[in-house]
Amino acid sequence: MLLAGYAQGIFPMAESRDDPTLYWFEPKLRGIIPLDGFHISRSLARTIRRSGFEIRIDGDFEGVVQGCADRSETWINAPLFELYRALFRRGHAHSLEVRAGEALVGGVFAVTLGTAFFGESMFSRVTDASKVALAYTVDRLRQTGFTLFDTQYLTPHLASLGGIEIPRAAYRARLEAALHARADFRAGTLPTPQLLVQRMTQTS
């Protein structure tokens, strides 16, 4: 049922951590990050080169979801957390983790269908860790055949990185095309920080 909802352009959220009910949403304006329009600033490029962060794929999916839910108000309740776990076990949910040593300091998690990447949430425990996670995520989507990076809503943070809003009809058309192709988020290799910055600065 959850995957069918995503395929129709809707997604679930709870009103709070303690609310057991899930509600379906479909914004009139949909947030996306164009894969050729991600903006990387000079300061972010320096952070990527010098931070010493380690990037992992699907190494601690539950830790990333917990990190995203670890705030005073969250839409991730217990039933939704369990659904994400089930999707991860089936290969339809993924995480990208940012680590400083063994500490998980940031990350992104998403649901995937076809070549659509439905970004659910991200978090940061140190400065710019979520931006670093997004940069590596966009690069990986480009390299592994994805065509749609759905952010659901557009925040000022995402807008500063190149995120935009598109009308519901335009989003549905992009989603329909994405569902008829295939991509694998686990494929390929992670770039070095230097290569990532080079790729990003060529298209930003």
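Just so you know, these numbers come straight off a predicted model, no measurement behind them.
Applying the 6.0 Å contact sphere to CZ of Arg186 captures more than 12 heavy atoms from other residues, nucleotides or ligands.
Tested against Phe185, the residues Phe117, Phe149, Phe109 include a single ring pair (Phe, Tyr, Trp, His ring centres under 6.0 Å) partner, Phe117.
Salt-bridge annotation for Glu165 and Arg30: absent, with no side-chain N of the basic residue lying under 4.0 Å from a carboxylate O of the acidic one. Salt-bridge annotation for Arg174 and Asp150: absent, with no side-chain N of the basic residue lying under 4.0 Å from a carboxylate O of the acidic one.
A donor-acceptor contact shorter than 3.5 Å links the side chain of Arg17 to the backbone of Arg71. Listed for the Arg99 side chain is a donor-acceptor partner under 3.5 Å among the backbone atoms of Glu102. Although no hydrogens or angles enter the test, the distance criterion places no donor-acceptor pair under 3.5 Å between the side chain of Asn77 and the main chain of Asp18. Side chain of Glu26 to backbone of Ile10: no donor-acceptor contact under 3.5 angstrom is found.
Side-chain contact between Thr151 and Phe118 is absent, with no heavy-atom pair separated by less than 4.5 Å. Annotation: side chain of Arg125 is in contact with side chain of Leu104 (closest heavy-atom distance under 4.5 Å). The shortest distance between side-chain heavy atoms of Thr112 and His94 falls below 4.5 Å. Residues Ile48 and Phe53 fail the side-chain proximity criterion, which asks for heavy atoms closer than 4.5 Å. Contact annotation: the side chain of Ile57 approaches that of Arg140 to within less than 4.5 Å [non-hydrogen atoms, C-beta and beyond]. Proximity of Gln66 to Phe81: side-chain heavy atoms (C-beta onward) are separated by under 4.5 Å at one or more points. A heavy-atom distance below 4.5 Å is not found between the side chains of Phe123 and Asp70. For the pair Val105/Ser124, no side-chain contact is recorded, criterion being any heavy-atom separation below 4.5 Å from C-beta on.
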* To do: Decide side-chain contact (heavy atoms from CB on, under 4.5 Å) for Asp184 and Thr144; before the verdict, give the C-alpha distance in whole Å, the side-chain angles of both, and the deciding distance to 0.1 Å.
  => CA-CA 6 Å; Asp184 183 359; Thr144 54; 5.6 Å; no
* To do: Quick one: do Glu82 and Arg89 satisfy salt bridge (Lys or Arg N to Asp or Glu O under 4.0 Å)? Show the steps, please.
  => CA-CA 11 Å; Glu82 187 53 45; Arg89 289 192 294 266; 3.5 Å; yes
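Residues Trp75 and Val111 fall within the same hydrophobic cluster, defined by Ile, Leu, Val, Met, Phe, Trp and Tyr side chains chained together at heavy-atom separations under 4.5 Å. Connection of Leu96 to Ile33 is established within a shared hydrophobic cluster, with ILVMFWY side chains joined at heavy-atom distances below 4.5 Å, either directly or through further cluster members.
Between Ala135 and Leu196, the shortest heavy-atom distance links the atoms O-CD1, 3.8 Å. In plain terms, the two heavy atoms of Ala129 and Val98 that are nearest each other are O-CG2, 3.8 Å. Among all heavy-atom pairs drawn from Val64 and Ser95, the shortest one is CG2-CB, 4.0 Å. The shortest non-hydrogen separation linking Leu3 to His92 is CD1-CD2, 3.7 Å. Residue Leu175 comes nearest to Ala7 through the heavy atom pair CD2-O, 3.5 Å, listed as atom of the first residue, atom of the second, then distance. The two atoms that bring Leu148 and Leu35 nearest to each other are N-CD1, 4.4 Å, heavy atoms only.
For Glu120, the side chain to side chain donor-acceptor pair (under 3.5 Å) partners are Tyr6, Tyr84, Gln152, not counting sequence neighbours.
Relative orientation of the Phe11 and Phe25 rings is parallel, given thresholds of 30° and 60° on the angle between their planes.
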